[in-house]
Amino acid sequence: MALVLSVLATLSVGQVGPLAPPMLTPPPLKPVSVEPISDAIAASTAVSPLLAPVGSPVAVPVQLVAASGSKVLRRSPTTSAANGNQRNTNAQKQRPVKNASAEPKVRRQVLRLEREIRPLAGNLDRVPVFNSNSPEVVRTPGILLSTFPPDGMRSPRAHLNYSFQGRFDIFSHHIARAAATEEGRTLFQGLMVYNPGPGDARIQTLAAASYISRFEAPFRELPAYIEDPLGTIFSGAGSRVAADMLRDRRRGLWETDIRLGPREATMVMNAPIPVGKITPSSNTRSTLLHMQSDRPVYLASLAMFSPKTADGRETIPTLRQWQVQLVNGFLAGPRDTPPSPLNTTGPRFFYGRIAGVSQGSRWEATLTDGGSGTLQIPGRGRSYSYPISTIPRGTHGTQQVQSAPMLARYPDTAILGHGNYGVLYRLTLPLVNPSQQDQSVSILFETPLKSDTGGGVEFLNPPADRVFFRGPIRLRYQDDGGQPQDRFVHVVQHRGEQGKPLATLTMRPGERRSVTVDLVYPPDATPPQMLTVQTGS
């Protein structure tokens, strides 16, 4: 019978202490001295000139029960919930698996539509993002991502020596699988922040969200489009995180104002990713924080199986135990497939997964016709599209790769921040009807087949089974009655799926009307997508 955490409350770790790990008992290797680490960190206070202001820390849902004066996890039997499907796994189908021999093979037709594809105006900002997404599936504990200095660490290559100051984001997306917990131990993820000094540091949480897929945000069947005015519609952890962050929420008992003295560390997050012990299953935790620090700080994302008491009960890792993991640990595994060089020309191309510091938290732009300040709607019966989250070999003829540049990374992880997961796209369309007739114009969001050529787009009829996008989209505009609208629509799209209108306006001759479209690119989406402007025939 699968065992899971019985309750979900929010744990915000308040332990603060110097980075002074205890001796391992017994140590597999000679323990590393603490002083060289602290000295190296204290000396590494220079901040990269690329750093810009950033934003917020996050706390995590977890359930605790006191026992013998210590925090012990209570577990109870439960049935398995939806699998933690991800964008590059075969488990992403939401429907139950059926007998393949009993199901007729679906015959899909490729539909090519001639259409103008325009590059997206604007670019990513310069906010650094602590981006922890590799290994996506964690089976062996260790260091997921560390920007601490390597001096004095047992595995120097696991530490990227990158400090954050001002505005920065933390993005994390990892999966725990049952195979990793054969002994029935819960996998914990910890996010540590450390102030090397010499002065006190203040770290603020501006917005924050973290969810696990099996309990707080299960993958479930949803309509392709559903209005979501309250932010209560979601499918999967990535979808729910995007919904919160699109509304600038801080869900849970996150510590909003962290104060650290010189050479002090604390856990911003200390949270479980529980899975079934016997029934094969997965669980995903997606986390996104907007943070800000007035001094340089270092960050680490760590994975650890829950420690056990002498009588076999699971406990929550302490700050001291996380410090041991940081100083004496190695990179967590299994490692993902390394990326292909960007100039690879062969048919096989691996994008890799991200573990490092990417640059860019927001893409904000006004889409116009050249320097006109307006955007003419297409002619009757025509449309044009702007690709979103384009990647190498997937620019749709624009030659525009929107993947975030990497400021620091592990050599076996993605060369660029493909997917821009957690990035806010804010796109304003100052529409104008240049014709002498009333025109009906629609705004659509679509998921065509990936292509690197222009002149048109291809869709599948019917679309593929795999979901390529699930998340909220915000639209702000004046309706035909002159009333301001601020709508949130949750969208689910499969590979090769044509979009339906998110909003339709009837524009009089010469009329101008602005539409703003916001979306936080969800962690479990597969790029690219398109924002389309279409005029009725």
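For this chain, numbers begin at 1 and follow the sequence in order.
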> How would you list all residue pairs meeting salt bridge (Lys or Arg N to Asp or Glu O under 4.0 Å) that involve residues 390-403, not counting sequence neighbours?
Replying inline: none

> Can you list the residues that meet the side chain to side chain contact (heavy atoms under 4.5 Å, CB included) rule with R362, with sequence neighbours excluded?
Replying inline: D125, E364, L424, R426

> Just checking, any donor-acceptor pair under 3.5 angstrom between side chains of Q204 and T256?
Replying inline: no

>> Do D438 and T506 pair up side chain to side chain, a donor and an acceptor below 3.5 Å, judged on atom types alone?
In response: no

>> Looking at I212, is its backbone amide N or carbonyl O close enough to the side chain of E216 to form a donor-acceptor pair, meaning the two atoms are under 3.5 Å apart?
In response: yes

>> Using a 6.0 Å distance limit plus a 45 degree cone around the ring axis, check whether R513 lies over the aromatic ring of Y477.
In response: no

>> Tell me whether D228 is salt-bridged to R474, with the criterion being a basic N under 4.0 Å from an acidic carboxylate O.
In response: no

>> Quick test of your reading of the model: are R487 and E227 salt-bridged, counting only N-O distances below 4.0 Å?
In response: yes

> What pairs with A365 under side chain to side chain contact (heavy atoms under 4.5 Å, CB included), at least two apart in sequence or on another chain?
Replying inline: A121, W363, L367, L427

> Are N461 and R108 close enough that some pair of their side-chain heavy atoms sits under 4.5 Å apart?
Replying inline: no

> T284 and H173: side-chain donor and acceptor closer than 3.5 Å?
Replying inline: no

>> Could you work out, with side chain to side chain donor-acceptor pair (under 3.5 Å) as the rule, every residue matching T413, not counting sequence neighbours?
In response: none

> Side chains of Q402 and Y425: is there a donor and an acceptor less than 3.5 Å apart?
Replying inline: yes

> So Y211 and F234, ring-ring contact (aromatic ring centres under 6.0 Å, His included) or not? Walk me through it.
Replying inline: CA-CA 11 Å; Y211 295 105; F234 49 83; 7.1 Å; no

> Name the one of T532, I117, V533 that satisfies side-chain contact (heavy atoms from CB on, under 4.5 Å) with Y384?
Replying inline: V533

>> Please check this pair: side chain of N433 against backbone of Q437, looking for a donor-acceptor N/O pair closer than 3.5 Å.
In response: yes

>> Looking at H418 and G352, would you say the former's side chain and the latter's main chain have a donor-acceptor pair under 3.5 Å?
In response: no

>> Restricting to ring-ring contact (aromatic ring centres under 6.0 Å, His included), what partner residues turn up for F171, sequence neighbours left out?
In response: none

> Do Q498 side-chain atoms and F459 backbone N/O form a donor-acceptor pair below 3.5 Å?
Replying inline: no

> Judged by atom type as modelled, is there a donor-acceptor pair below 3.5 Å linking the side chain of N283 to the main-chain atoms of I273?
Replying inline: no

> Is the closest basic N to carboxylate O distance between K450 and E458 below 4.0 Å?
Replying inline: no

> Which residues satisfy the ring-ring contact (aromatic ring centres under 6.0 Å, His included) test with F349, sequence neighbours excluded?
Replying inline: Y351

>> Tell me whether E497 is salt-bridged to R495, with the criterion being a basic N under 4.0 Å from an acidic carboxylate O.
In response: no

>> For T368 and T366: C-alpha separation, side-chain torsions, deciding distance, then whether side-chain hydrogen bond (donor to acceptor under 3.5 Å, both in side chains) applies.
In response: CA-CA 6 Å; T368 64; T366 299; over 6 Å; no

> Given the rule in the side chain to side chain contact (heavy atoms under 4.5 Å, CB included) test, do V492 and V467 qualify, once you have shown the distances and angles that lead to the verdict?
Replying inline: CA-CA 7 Å; V492 177; V467 174; 4.1 Å; yes

> Between D518 and R476, does at least one N-O distance fall below 4.0 Å, as a salt bridge requires?
Replying inline: yes

>> One pair to check against side-chain hydrogen bond (donor to acceptor under 3.5 Å, both in side chains): S172 and T287. What are the steps and the verdict?
In response: CA-CA 5 Å; S172 172; T287 301; 4.9 Å; no

>> Please check: side-chain N/O of R247 versus main-chain N/O of A243, any donor-acceptor pairing under 3.5 Å?
In response: yes

> Is the shortest distance from a Lys or Arg side-chain nitrogen in D480 or R508 to a carboxylate oxygen in the other one below 4.0 Å?
Replying inline: no

